[in-house]
Amino acid sequence: MADIIKKATREAYGKALVELGGRYKDMIVLDADLSGSTKTGDFAKVYPDRFFNAGIAEQNMMSIAAGIASTGKLVFASSFAMFAAGRAYEQVRNSIGYTHLNVKIGATHAGMSVGEDGATHQCNEDIALMRTIPGMTIINPADAVEAYAAVIAAAEYDGPVYLRLGRLAVPVINDDSYKFTMGKGIVLREGSDVTVMATGLMVNEALIAYDMLKSEGISARIVNIHTIKPIDEALITESAARTGAIVTAEEHSVIGGLGGAVAEVICEKYPVPVLRVGTEDTFGISGPAADVLKYFNLTAEQIVKKAKQAIAAKKN
Amino acid sequence: MEQAQKNMLLKTACKVRMGVIEGTTEAKSGHPGGSLSAADIITYLYFCEMNVDPKNPKKAGRDRFVLSKGHGSPALYSVLALKGFFDFDEIKNLRKIGGMLQGHPDMNKIPGIDMSTGSLGQGISAAAGMALSAKVSGDSYRVYTLLGDGELEEGQVWEAAMFAAHKKLDNLIAFVDNNDLQIDGNIADVNSPKPIDKKFEAFGWAVFEIDGHDFDQIEDAVNKAKQVKDKPSVIIAKTVKGKGVSFMENVADWHGKAAAGEQAEQAMAELKSEYERLA
């Protein structure tokens, strides 16, 4: 097995912004005093005239982004997920969502893997919040390769996009041949007993779970759902029909995230057991990211456990 | 200002006020008080100042107007209709299913609306974003926005004020419709945003204070604001909530309540009588 290369999705975000800055001459990037962390600073270095710091004022930043976009320019606005989706929720909803303006929200430091900063900064609700906004596209990339492609695709799409990015360096699981299609899940492994639908850094855990399940004679289909809205209904129902049970896995609350989205589709289109791996309606805790993820059972082992339960819950 | 122009403005603003009453009464809801107080300012901007084209509402390089106090929409809709953006009869369908005139301004449904607003505090930020965009691409258009005085209680207003001054947005001119009343009463009693002038000064804005119902003063302040360099301007316009309808003037209760029956008839009669006096 080749050496595992680890890279944070926010690193790819910064690099993609620089690439896009050359391509879109009127593109503007905003940040709220976190440009070093969100990596919008990469863009600021190359295009200082098109980068603006809103300071620690995320609500204003989101409405500023809407105003700029209303004049026909492409805008990226960045902060940590907690403040982009949480603090500025209503600005995103009314200034950006209701208007359907061409604003891309680059929300980094999402989920438990923020680690040491603890609960006030570990945003496990952003997917749920953004999902409720009509017309909002939500992308949660699994690795740096997918993140880079997703940022480019978001720029090419006309309308609001929420890009959910991480602080933690995570294994790169895709190679140069990777192609991103907004709204289309990716089958990474074929299987017949159960489908694991994962998003973000849990996709790698799902791949590890595949091997663990295989060693016990269980055939799992592994699907990467990078676009959580619009959700790939066809792939979800097809997976339900093919394997008869589903496990979802996300670094987010089990309420309203990928698990919620998949369950909504399954309930209406093709009822089968759906079990969710995610944070169980709880706030986070301080600790090194890897330890925090284990503490909240955001692991391959938990996916394996839930997969077995899901298979057992199938009606014969 | 020449008398003929002033007379045109007075008559237009009077028609705008009739639209405010007609629309809110038909809708059995809406915000007549703050629409009537803002009517003269919005009328002046669209009929004397702004570079806009009703036949091409999205014209590149046009001046922008953002009604940050979005609940003043009946006044803005009436102005846009009189300017020719759409038929004045649309006012009858304000706030109705199937009508295009939403309770608060909607940029995707209504010709001439530059930004959807209604949630207070967000409009001034969007206006600052437009002004910043013009600076980045070297466009010469100006951005006007109108805030309520109660709206100044929203923290986002001051985030935007800080931003606009720091980014030296001298192409941004904000009005404060200072009618001193908000839903729950006098702004000084509810959670006073005063002193408004000193706050904006401290945030780095050029400040002008006028009578918001005097077209000479509105014109003078706008002309002075346009000469200001390297900082945004705010024109604090002292106004009368419910202006032009005797029983609505300076009564907070008419913030968000439509006139009905005899009161609606009286309001329209007063405005018609004023219009005839001007003609």
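Note on naming: letters A, B, ... go to the chains in the order of the sequence lines (proteins, then strands), and numbering restarts at 1 for each one. Both backbone and side-chain heavy atoms feed into the values below; hydrogens, waters and symmetry mates do not. All values derive from a computational prediction rather than experimental measurement.
- Residues of residues 64-84 of chain B that come closer than 4.5 Å to chain A, counting heavy atoms only, are B:Arg64, ordered by residue number.
- Under a cut-off of 6.0 angstrom, the local environment of NE2 in B:His166 is sparse, with at most 12 non-hydrogen atoms contributed by other residues, nucleotides or ligands.
- Of the listed residues (A:Val75, A:Asn53, A:Asp26), the greatest number of heavy-atom pairs within a distance under 4.5 Å of chain B belongs to A:Asn53.
- The two residues B:Met130 and A:Ser70 make their nearest non-hydrogen contact at CE-OG, 3.4 Å.
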Stepwise side chain to side chain contact (heavy atoms under 4.5 Å, CB included) check, B:Gln122 with A:Asn94: CA-CA 8 Å; B:Gln122 297 185 29; A:Asn94 276 321; 3.6 Å; yes
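- Under the 3.5 Å distance criterion, with hydrogens and angles disregarded, no donor-acceptor pair is assigned to the side chains of B:Ser125 and A:Ser63.
- For the atom pair A:Tyr98 OH and B:Ser119 OG, the distance stands at 12.5 Å (nearest 0.5 Å).
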B:Val136 vs A:Ile28, side chain to side chain contact (heavy atoms under 4.5 Å, CB included): CA-CA, chis, key distance, verdict: CA-CA 9 Å; B:Val136 170; A:Ile28 289 177; 3.9 Å; yes
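- Using non-hydrogen atoms only and a strict 4.5 Å limit, the part of residues 100-118 of chain B facing chain A consists of B:Gln102, B:Asp106, B:Met107, B:Asn108, B:Lys109, B:Asp114, B:Met115, B:Ser116.
- More than 12 non-hydrogen atoms from other residues, nucleotides or ligands lie less than 6.0 angstrom from CZ of B:Arg62.
- The environment of B:Lys226 atom NZ is dense: over 12 non-hydrogen atoms of other residues, nucleotides or ligands sit within 6.0 angstrom.
- The shortest distance between side-chain heavy atoms of A:Ile68 and B:Leu132 falls below 4.5 Å.
- For B:Lys167, the part lying under 4.5 angstrom from a heavy atom of chain A is the side chain only.
- Around OH of A:Tyr24, the count of heavy atoms belonging to other residues, nucleotides or ligands within 6.0 Å exceeds 12.
- Put simply, CG on A:Asn60 and CH2 on B:Trp158 are 13.0 Å apart, with the number rounded to the nearest 0.5 Å.
- Heavy-atom contacts from other residues, nucleotides or ligands closer than 6.0 Å to NZ of B:Lys257 number more than 12.
- For A:Asp281, the CG atom sits in a loose shell: 12 or fewer heavy atoms of surrounding residues, nucleotides or ligands are nearer than 6.0 Å.
- The neighbour count for B:Lys135 NZ, taken as heavy atoms of other residues, nucleotides or ligands under 6.0 Å away, is above 12.
- For B:Ala128, the parts sitting under 4.5 Å from any heavy atom of chain A are the backbone and the side chain alike.
- One side chain, A:Gln91 or B:Gln156, offers a donor N or O that lies under 3.5 Å from an acceptor on the other.
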